[in-house]
Amino acid sequence: MTKKYLITSALPYVNGELHLGHLIGCYLPSDVYARFCRAMGRDVLYVCGADEHGTTAVVGAAKENLPIIDYNNKYYEKHLRAMHDFNLSFDLYGRTHTEKQEKLIHELFSRLDEQGLIEERETIQPFSVDDNMFLADRQLVGTCPKCGFDGARGDQCDKCSATYEATELLNPRSTISGSDRIEMRPTKNLFFLASKMENIWREWLAEHAPKWSKTASAIARGWANEGLRDTSITRDLSWGIPVNKPGYENKVFYVWFDAPWGYVSISHAANENWAQWWHGGDNVHYAQFMGKDNVKFHAVFFPEQQLAMNDNWKTVDMLKAMNFLNFEGGKFSKSQKRGIFLDSAIEEAPADAWRYALLASAPETDDTDFTIARFADIVNKDLNGMLGNFVSRVCKLTAKNFGTNVPAAGKWDTELESQINEKLSELTSALDACEFRNAIAALRGLYAIGNEYMTKMEPWALVKNGDMAGAGDALNKCFQLIDLYARVSAPFIPGTAEKMQNVFVTQNDLSWPEKFVARIADGAEFVVPENLFNRIDDETVAKLTEKYTPKVEDNSPKLVVAEIVAVKDHPSRDDLHILSVNAGSAPVQVVCGAPNVRVGLRGVLAPVGCRLPGAKKPMAQRTVAGVESFGMMCSAAEVGQGDNANEIIELGADAAIGAEYKSN
RNA sequence: GGGUUAGUAGCUCAGUUGGUUAGAGCGGAGCGCUCAUAACGCUUUGGUCGUGGGUUCAAGUCCUACCUAACCCA
């Protein structure tokens, strides 16, 4: 029986804006692996899809004033287009708001219930009277009880990073309606008793995690040190999979009980024999691909549920977790206009160029910075120079001297053969191990051999010397290499592989080669192809870098060390003082309410235009109770250090006035 | 605040269980070739391995503290 391969790629939120980081984070590696497996003749089921549930969809739809279904359709179409543009070969790119998914989740829930692993518990949750619903943590904002920052979330302050219970938040408001009529009400939720699964899960983890990628097993090991916690798998939301239990009509299942099983329901939609993979035991190899932020769910939450079903579900064999890709020194950000999102990427360069360059830069061991300059280097050197140019020089030289039929082969070159086979076996094992950088290195090594061979054999010189048999033989070998390159490149750059395949009029398949063999017959007809790739010139690099990197990075004033040179009382407010502050140049006037102001104190001044950590807007010149203030003396909390929001920072007398103050 | 990971040549990264002169690709410099897309091949130049302690005959590799970054959790 052929071994079956189950391959899944993390399900993105339906409204997620997909960028190059997502592409290399899971879609591309999983696609390369799936294509490789298929080329090896393995029986592959490869699925992905959109996660349509959860609060992000609700909030997003409300923002665009669309019914959730329409909103999801809109973004789902965008995803489909991107997946198509980049040649991702899913058996199905599905979605989770389906009948199949609902039916499955209901069955699974009942199953858990039967196993005695579901318990009803009562908790106190914020309830918005005007919205007539319970609010999740991120749907609640208010004033931070620690630092007084207004705009803190239900469970955490973005400014001082303090955490607290939702009940402690001051002036709580709903992000949905803005209403401040929030009551703390008791509500019942269903808990999955994961703690009962702890031993089974630990045993499972010990057996499986060592085979995973380093990033994945390290994160999972961290979790093994803590116990498993019982988790609520229901939420007070109107959007999601409804809970199939009386008394829970107004609730839905938590996305992390819902989403991972989307792999199963999408498999079901993709292939009616889905169960052969999902219940196939040791005859199935299951590989999951995801970003590092998703490891917890795939190493803990999903498997503990699968094991709890006690129903022989196939659990992950290879958990491949990627780190994050940064762009030009920072995170991808739509709002900051940093980074290339998939819809624009495909307009700037062909899919295969992105695919190859990203795989060559895959963030496998740590976050990796990706730049346009690097992208151009890789495309120009590897794809254009080594691969594209090789195909071109071989075809053109042959056409000129022999016509468009592959010249006759002479003696088989065993040295060339062993060189190729060595790299080929490196490439095959790298792919089997899901090590993509290593795979690209080996692939590149194969491309290099062709060019080295040309230099060594000098067929153009042989032609000049009248040794047509010798030249023809060398070129014949090169055509065998082109055939090989088409096969080994196919998982990485499928479009280009097809072009290479099309060099030959009688086409061979693109199955994965075990060894370097001559498949191209003497006299086989070929066509000289168009150039496989185009060079990306320096001008384009500069243009693209500028286009996708935020303008004028951050030339706003920095926090500076400043000394208070004078303190006056505020004319109308007892709690405020008017300071004269020396930050190295002319003294500036600052209004300050801190109790510890005094002449001679050296502290931290945030000048006008300075961006404080967590602040949305730069520091503005303001009038405080009728007195102009040109900036602010900062407390520790205001610069993101600790929670003292009351007193301003006091530096020692050795702090250099006017020097930049580093807040972190 | 806790857990985990990472900090190695200008850039992006390798460096198995500690063991002789720390590797690769790109970039830079030089040479060769002219079949080819200003492409290809060869040679070469770059590093007190984040910082400070410590263990050891021996540390990029182990321990500890600190700094920086990222992810998850609280």
Side-chain angles (χ1 to χ4, degrees), chain A residues 21 25 137 146 155-156 160-165 213-226 229 290-301 321-326 328-331 357-358 360-371 373-402 435-438 440-445 447-464 471 474-475 478 528-538 642-643 662 664:
Chain A
D137 287 332
K146 306 270 167 64
D155 57 345
Q156 178 169 34
C160 72
S161 74
T163 58
Y164 35 79
E165 292 301 315
S213 74
K214 198 177 161 192
T215 304
S217 52
I219 295 174
R221 232 181 301 120
W223 279 101
N225 294 331
E226 303 191 14
R229 267 187 227 184
M290 71 203 68
K292 62 177 169 181
D293 54 332
N294 253 330
V295 171
K296 186 201 164 189
F297 298 103
H298 291 81
V300 185
F301 217 66
M322 287 285 192
N323 290 277
F324 288 170
L325 194 73
N326 288 327
E328 300 286 351
K331 293 185 182 191
L358 286 169
S361 321
E364 286 182 296
T365 49
D366 197 4
D367 293 356
T368 294
D369 193 36
F370 188 75
T371 62
R374 177 178 166 79
F375 172 63
D377 279 346
I378 293 170
V379 171
N380 292 344
K381 183 72 186 172
D382 292 18
L383 293 178
N384 200 48
M386 293 172 78
L387 178 60
N389 183 52
F390 177 74
V391 172
S392 172
R393 67 199 293 209
V394 169
C395 291
K396 286 181 180 169
L397 182 61
T398 308
K400 199 155 96 188
N401 296 290
F402 296 87
E435 290 167 358
F436 297 96
R437 271 189 194 244
N438 287 343
I440 287 282
L443 182 62
R444 193 196 134 85
Y447 298 159
I449 291 171
N451 286 308
E452 286 163 19
Y453 184 73
M454 281 287 270
T455 304
K456 183 179 137 205
M457 302 308 285
E458 298 188 310
W460 57 89
L462 295 175
V463 166
K464 270 181 198 154
L475 289 168
C478 293
V528 181
E530 297 279 303
N531 287 344
L532 299 183
F533 293 95
N534 294 311
R535 194 184 155 75
I536 302 173
D537 58 33
D538 292 349
D643 52 15
K662 303 263 189 202
N664 41 24

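Chain naming here is simple, since letters A, B, ... match the order of the sequence lines and numbering starts at 1 in each.
Considering only side-chain N and O atoms, K296(A) lies nowhere under 4.0 angstrom from the phosphate OP1 or OP2 of rG3(B). Between rA24(B) and R444(A), no contact under 4.0 Å exists linking OP1 or OP2 to a side-chain N or O. In this structure, K331(A) reaches the rC71(B) phosphate: one of its side-chain N or O atoms is under 4.0 Å from OP1 or OP2. Proximity of T368(A) to the phosphate of rC13(B): a side-chain N or O atom is located under 4.0 Å from OP1 or OP2.
Side-chain atoms of S361(A) come within 3.5 Å of backbone atoms of A357(A) as a donor-acceptor pair (strictly under, hydrogens ignored).
Put simply, NZ on K400(A) and SG on C395(A) are 13.5 Å apart, with the number rounded to the nearest 0.5 Å. Residue F436(A) holds its CZ atom at 11.0 Å from CG of N438(A), rounded to the nearest 0.5 Å. To the nearest 0.5 Å, atoms CZ (F390(A)) and CD1 (I449(A)) are separated by 10.5 Å. Residue T215(A) holds its OG1 atom at 11.0 Å from CE of M290(A), rounded to the nearest 0.5 Å.
For R374(A), whose side chain is taken as the heavy atoms from C-beta onward, the closest listed nucleotide among rG41(B), rC71(B), rU12(B) is rU12(B). Proximity note for R221(A) (side chain, C-beta onward) versus rU5(B), rG41(B), rC35(B): the nearest is rU5(B). Which of rA39(B), rU37(B), rC35(B) sits closest to the side chain of N531(A) comes down to rU37(B). Listed nucleotides rC35(B), rA39(B), rU4(B) differ in distance to R535(A); the shortest reach to its side chain belongs to rA39(B). Distance from the side chain of N389(A) is smallest to rC40(B) among rC72(B), rC71(B), rC40(B). Distances were taken from every side-chain heavy atom of D367(A) (C-beta onward) to each of rC73(B), rC26(B), rA70(B); the shortest belongs to rA70(B). The listed nucleotides are rU4(B), rC71(B), rG41(B); the one nearest the side chain of K381(A) is rG41(B).
Computed from coordinates, the K396(A) NZ to rA39(B) C1' distance equals 11 Å when rounded to whole Å. Look at CZ on R437(A): it is 15 Å from P on rC26(B), rounded to the nearest Å. If you measure from atom CZ of F324(A) to atom C1' of rU5(B), you get 12 Å, rounded to the nearest angstrom. Rounded to whole Å, the distance from CG on D382(A) to C1' on rA24(B) is 13 Å. Atom CD in E435(A) sits about 13 Å away from atom P in rU16(B), given to the nearest Å. Taking atom CG of residue N326(A) and atom P of nucleotide rG7(B), one finds them 15 Å apart after rounding to whole Å.
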Nucleotide by nucleotide, 5' to 3', does protein get under 4.0 Å of the base (B), only the sugar-phosphate (S), or neither (-) in nucleotides 59-64 of chain B, counting heavy atoms?
------

Could you run down nucleotides 42-47 of chain B 5' to 3' and tag each one B, S or - for protein heavy-atom contact under 4.0 Å?
S-----

Going 5' to 3' through nucleotides 28-33 of chain B, assign each nucleotide B (protein heavy atom under 4.0 Å from a base atom), S (under 4.0 Å only from sugar-phosphate atoms) or - (no protein heavy atom that close).
-----S

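For the pair L462(A) and M457(A), the tightest heavy-atom approach, listed with the atom from each and the gap, is CD1-O, 3.7 Å. The shortest non-hydrogen separation linking V463(A) to A471(A) is CG2-CB, 3.7 Å. Contact record, V391(A) with P529(A): CG1-CG, 3.9 Å, taken as the closest heavy-atom pair. Here the shortest heavy-atom pairing between N384(A) and F533(A) reads OD1-O, 2.8 Å.
Here L532(A) lies in heavy-atom contact (under 4.0 Å) with a base. At the heavy-atom level, K456(A) lies nowhere under 4.0 Å from the strands shown. Among the heavy atoms of the strands lying under 4.0 Å from D377(A) are primed sugar atoms or P, OP1, OP2 only; no base atom is included. Among the protein residues, G388(A) comes within range of the nucleic acid bases, having at least one heavy atom under 4.0 Å from a base atom. Heavy atoms of F533(A) sit under 4.0 angstrom from at least one base atom.
With a glycosidic angle further than 90° from 0, rG25(B) counts as anti.
rC57(B) and rC49(B) have their C1' atoms separated by 22 Å, with the value rounded to a whole Å. Taking the C1' atoms as reference points, rG53(B) lies 39 Å from rU44(B), given to the whole Å. Spacing of P atoms, rU4(B) relative to rA65(B), comes out at 12 Å, to the nearest Å. Annotation: rC33(B) and rA38(B) have their C1' atoms spaced 14 Å apart (nearest Å). Taking atom C1' in both rU43(B) and rA6(B), one finds a spacing of 35 Å when rounded to whole Å. Rounded to whole Å, the P atom of rG47(B) lies 37 Å from the corresponding atom of rG3(B). A gap of 32 Å separates the P atoms of rG41(B) and rU20(B), to the nearest Å. When the C1' atom is used for both rG60(B) and rC13(B), the distance is 15 Å, rounded to whole Å.
Looking only at side-chain heavy atoms (C-beta outward), K292(A) and M322(A) stay at 4.5 Å or farther from each other. With a 4.5 Å cut-off on side-chain heavy atoms, F324(A) and D293(A) count as touching. For the pair L475(A)/N401(A), no side-chain contact is recorded, criterion being any heavy-atom separation below 4.5 Å from C-beta on. With a 4.5 Å cut-off on side-chain heavy atoms, W460(A) and R393(A) count as touching.
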Dot-bracket assigned to RNA chain B with the 3.5 Å Watson-Crick/G-U criterion, [ ] for crossing and | for other-strand pairs, is (((((((..((((.....[...)))).(((((.......))))).....(((((..]....)))))))))))).

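Applying the side-chain contact (heavy atoms from CB on, under 4.5 Å) test to A360(A) and every residue at least two apart in sequence or in another chain returns I378(A), I440(A). In this view, T371(A) and E328(A), D369(A), A373(A), R374(A) satisfy the side-chain contact (heavy atoms from CB on, under 4.5 Å) rule, not counting sequence neighbours.
Comparing N534(A) and M386(A) by the nucleotide of RNA chain B whose heavy atom lies nearest to each, the residue mapping closer to the 5' end is N534(A).
N384(A) contributes a side-chain N or O that forms a donor-acceptor pair with the base of rU37(B) under 3.5 Å. For rA6(B), its base never sits under 3.5 Å from the side chain of D366(A) at any donor and acceptor pair.
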Starting from the C-alpha separation in whole Å, work towards a yes-or-no answer on side-chain contact (heavy atoms from CB on, under 4.5 Å) for T368(A) and N323(A).
CA-CA 8 Å; T368(A) 294; N323(A) 290 277; over 6 Å; no

Check the pair M454(A) / C478(A) against side-chain contact (heavy atoms from CB on, under 4.5 Å), numbers first and verdict last.
CA-CA 8 Å; M454(A) 281 287 270; C478(A) 293; 3.7 Å; yes

